[in-house]
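Presented below is the structure to which this report refers.
Position 1 is the first residue of the sequence; numbering continues from there. Since the model is a prediction, treat every value here as computed from it, not as a measurement.
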Amino acid sequence: ATGSIKKAHVLQNPARIIYVGRSTMTTKFAQLGLMSQLDQTVSDLGYITPTPIQSEIIPLMLDGHDVIGQAQTGTGKTAAFILPILQTLERGHCGIQALVLTPTRELAMQVAKAADEYGKRLNVRVLAVYGGQPYNLQINRLRQGVDIVVGTPGRLLDLINKRKLDLSSVRTIVLDEADEMLSMGFIEDIEEILSTLPSERQAALFSATIPPTLGSIANKYMHSPKSITIKSKHLTVDAIEHQYCLVNKEDKLAVLTRLFEIEDITSALIFVRTRVGTSDLVNELMGRGFTAEALNSDLKQQTREQVLNRFRRNQITILVATDMAARGLDINDISHVFNYDLPEDPELYVHRVGRTGRAGKTGIAISLLTRKELWRLHRIERFTKQEITRKQIPTAEEIEEHRKTQLLEQMMIWLQRGRCQKELQMVNRLVEIGHDPLQIAAIALKMARREEKQRPIAQISEVQEGRFQNSRHKIKSVERRKGRNGANGFSENGMVRLTLGAGRSHGVRPADVIGTIAYHAKFPGNTIGAISILDKHTLVDVPQQYVEQTLAKSGKYQIHKKAVKLKLA
Ligand code: AMP
């Protein structure tokens, strides 16, 4: 993606800022002045053109300038500062030549890994230092000699104070995600570290925002820095499809699980507003058979890394996170970002969805919102200058059809593969005793589909369409309502939806619902349709022919020995 570069006007002392206005749209790596080993490495990694921040920052840093890059994760900023550092390393030098400060251990590890990767043809020695790891390990590595140290301010300062980290030969210092470091309260540590560095050195600062405190740090510790800003809207590259589903608040979970059925998800990041919300949602999803884990600020660093590794290795497909916990997260293969709760701030939206659609892949961002939140969506659209298109919630029929198609596709693969001698022998035994092969195949499929019964399709209620929507949406939704749900009050397949006045918070289980209704209304429990247990109440589909007798017994129904009301939904 090509981004536009604009003048930075955030810093306090404009005299120190020089606007860099090179046209960068078609710059190639070969034009940046990198040495052949680095050129070769980026091409090995499959990078074709430098990102905007790279084409601006790399030549500047190679020329020895101090730089300020206002850019977020996902813009390629790491390579923008690591490549020039690698190029200017002096071979055979024994001291530390470059120091990178990062707000989190995780980012330190990522940057160190990137430095290792980009420097693989140059035999560089990179070390990440961060709290939570034994000192000895880090001290031993430092003794053996390190060219680039990447670390969090606290641990770096500890090592300096223990006289284990000698920064006297540092020639480049980088502050990565500087605003994050400030908001985490590292300002004093950073200043202390900066003051121990030689005065003749290059400084680079990267930050999504430049708050005033950061401006004054730049003024104090940098020499005529050149400033580059990558507009945040360019983060949401064209490779992201922005969609939203209009939902009723209480149906969010149901809608999410329906989307999981239809969407081709390899890995999903779901954003919720609160820390508690992450655990609640994870529990709900796990209960429905989805492998999800929470990423929130309650997690110890070690656990957090374990969770992230499981996610990277695809052992879990769904990560539920807060904005705080997702900071500095660098995972490239996220196919879907879900906004379970819409962010208040449009910029947060950009930040969240920028986690998908990376490295040349297309990503999908789906926001769940209620009618009342539509205005917020429009605000985000204005901010990102991207249309967010409405996505219809998959209907039960669509999901059933999708399940069938998927099963048939798998069958086709196996049919081509063959390799089912044992099963053929079993079929032969059935044929020998007179069964029809077609019938056998159908029964085998029926048995294969039993697992689906464990995954009932969650019920959702009709969203009351409001005056906000345009006529295109209105026509479509009326058609859908007519075609799919029948007349009002009726749910799918000749069922009528009833509400039972007790829900999850009362410990209701599906068996309780079936038990009490079937017993009192005197009809077979297995004819009861979908049951959706919500927090305070439960939706249950009853065949139309039994509705009258079911409602007639209202007053009789009990769950856990407590009377519960039943009425039309
Ligand atoms: P960053 O903003 O440094 O976290 O980088 C985001 C991702 O983009 C990383 O996974 C890089 O591997 C990738 N990347 C960096 N530069 C390029 C480039 N020029 N072309 C393609 N991918 C890149």
Side-chain angles (χ1 to χ4, degrees), residues 66 78 81-82 85-86 88-116 119 123-207 213-214 216-218 220-222 297 299-306 327-328:
D66 281 4
T78 317
F81 63 80
I82 289 291
I85 288 179
L86 290 169
T88 47
L89 284 182
E90 265 178 39
R91 320 282 139 212
H93 192 289
C94 53
I96 296 163
Q97 299 186 58
L99 177 68
V100 182
L101 301 189
T102 66
T104 60
R105 291 171 245 212
E106 194 189 300
L107 186 62
M109 281 156 62
Q110 276 160 27
V111 171
K113 190 165 152 246
D116 257 336
N123 289 329
V124 287
R125 296 162 304 172
V126 184
L127 177 67
V129 298
Y130 42 82
Q133 204 188 36
Y135 280 95
N136 275 348
L137 217 70
Q138 297 171 353
I139 293 171
N140 283 341
R141 282 289 309 277
L142 286 168
R143 266 202 212 112
Q144 289 161 18
V146 173
D147 302 305
I148 304 174
V149 171
V150 187
T152 49
R155 177 54 68 100
L156 284 170
L157 203 57
D158 284 350
L159 288 168
I160 293 172
N161 291 336
K162 285 179 189 285
R163 303 199 174 280
K164 301 295 179 197
L165 184 66
D166 175 7
L167 298 178
S168 60
S169 51
V170 165
R171 290 187 297 124
T172 310
I173 163 85
V174 179
L175 305 185
D176 196 10
E177 301 201 352
D179 52 352
E180 296 284 333
M181 290 200 277
L182 292 196
S183 62
M184 289 167 81
F186 283 138
I187 178 135
E188 283 162 14
D189 293 357
I190 294 173
E191 288 213 56
E192 217 173 316
I193 295 170
L194 287 173
S195 62
T196 65
L197 297 177
S199 55
E200 280 300 305
R201 38 101 190 121
Q202 184 177 36
L205 184 155
F206 292 86
S207 194
T213 345
L214 205 53
S216 37
I217 288 203
K220 198 162 154 196
Y221 295 97
M222 298 180 93
S297 47
L299 299 186
K300 291 207 185 78
Q301 187 63 28
Q302 206 191 354
T303 326
R304 180 181 157 94
E305 271 156 30
Q306 285 164 353
R327 280 178 176 191

Of the non-hydrogen atoms in L214 and S207, which two are nearest, and what is the gap between them? CD2-OG, 3.4 Å
How would you list, by chain and number, every residue that makes a side-chain contact (heavy atoms from CB on, under 4.5 Å) with S169, sequence neighbours excluded? H93
From the list V111, V126, D116, side chain to side chain contact (heavy atoms under 4.5 Å, CB included) with I82 holds only for V111
For the residue pair P153 and I190, what are the closest heavy atoms and their distance? CG-CG1, 4.2 Å
Rounded to the nearest 0.5 Å, what's the gap from OG1 on T196 to CG on L156? Could you check? 9.5 Å
Please name the pair of heavy atoms, one in L167 and one in P198, separated by the smallest distance, quoted to 0.1 Å. O-CD, 3.4 Å
Please evaluate residues L127 and I96 with respect to the criterion side chain to side chain contact (heavy atoms under 4.5 Å, CB included), reporting the C-alpha separation (whole Å), side-chain torsions for both, the decisive distance (0.1 Å), and the verdict. CA-CA 10 Å; L127 177 67; I96 296 163; over 6 Å; no
Summary of side-chain hydrogen bond (donor to acceptor under 3.5 Å, both in side chains) pairs that have at least one residue in residues 140-151, sequence neighbours excluded: R125-D147, N140-R143
Residue pairs fulfilling salt bridge (Lys or Arg N to Asp or Glu O under 4.0 Å) with at least one residue in residues 99-110, sequence neighbours excluded: E106-R304
Tell me whether Q133 at atom CD has more than 12 heavy atoms from other residues, nucleotides or ligands lying less than 6.0 Å away. yes
Taking all heavy atoms of A108 and all of A128, pick out the closest pair and write down the distance. O-CB, 4.1 Å
Interatomic spacing from NZ in K113 to OG1 in T78 - rounded to 0.5 Å: 11.0 Å
Salt bridge (Lys or Arg N to Asp or Glu O under 4.0 Å): pairs with one or both residues in residues 188-204, sequence neighbours excluded: E191-K220
Give me each pair satisfying salt bridge (Lys or Arg N to Asp or Glu O under 4.0 Å) with a member in residues 167-187, each pair once, sequence neighbours excluded. K77-D176, K77-E177, E180-R327
If every non-hydrogen atom of F186 is compared with every non-hydrogen atom of P103, which pair is closest and at what distance? CE1-O, 3.5 Å
Pick one: which of V149, T152, I193, V174 meets side chain to side chain contact (heavy atoms under 4.5 Å, CB included) with L101? I193
Rounded to the nearest 0.5 Å, how far does CG of L165 lie from CD1 of I160? 5.0 Å
Q202 versus D66: any side-chain heavy-atom pair under 4.5 Å? yes
Spacing of CG belonging to L194 relative to CE belonging to M222, to within rounding of 0.5 Å: 9.5 Å
May I have all residue pairs that pass side-chain hydrogen bond (donor to acceptor under 3.5 Å, both in side chains) and include part of residues 153-167, sequence neighbours excluded? Y135-D158, Q138-R155, D166-S168
All heavy atoms of Y221 vs all of S195, minimum pair found to be CE2-N, 4.3 Å
Interatomic distance, CG@L299 vs CD@Q306, rounded to 0.5 Å, equals 10.0 Å
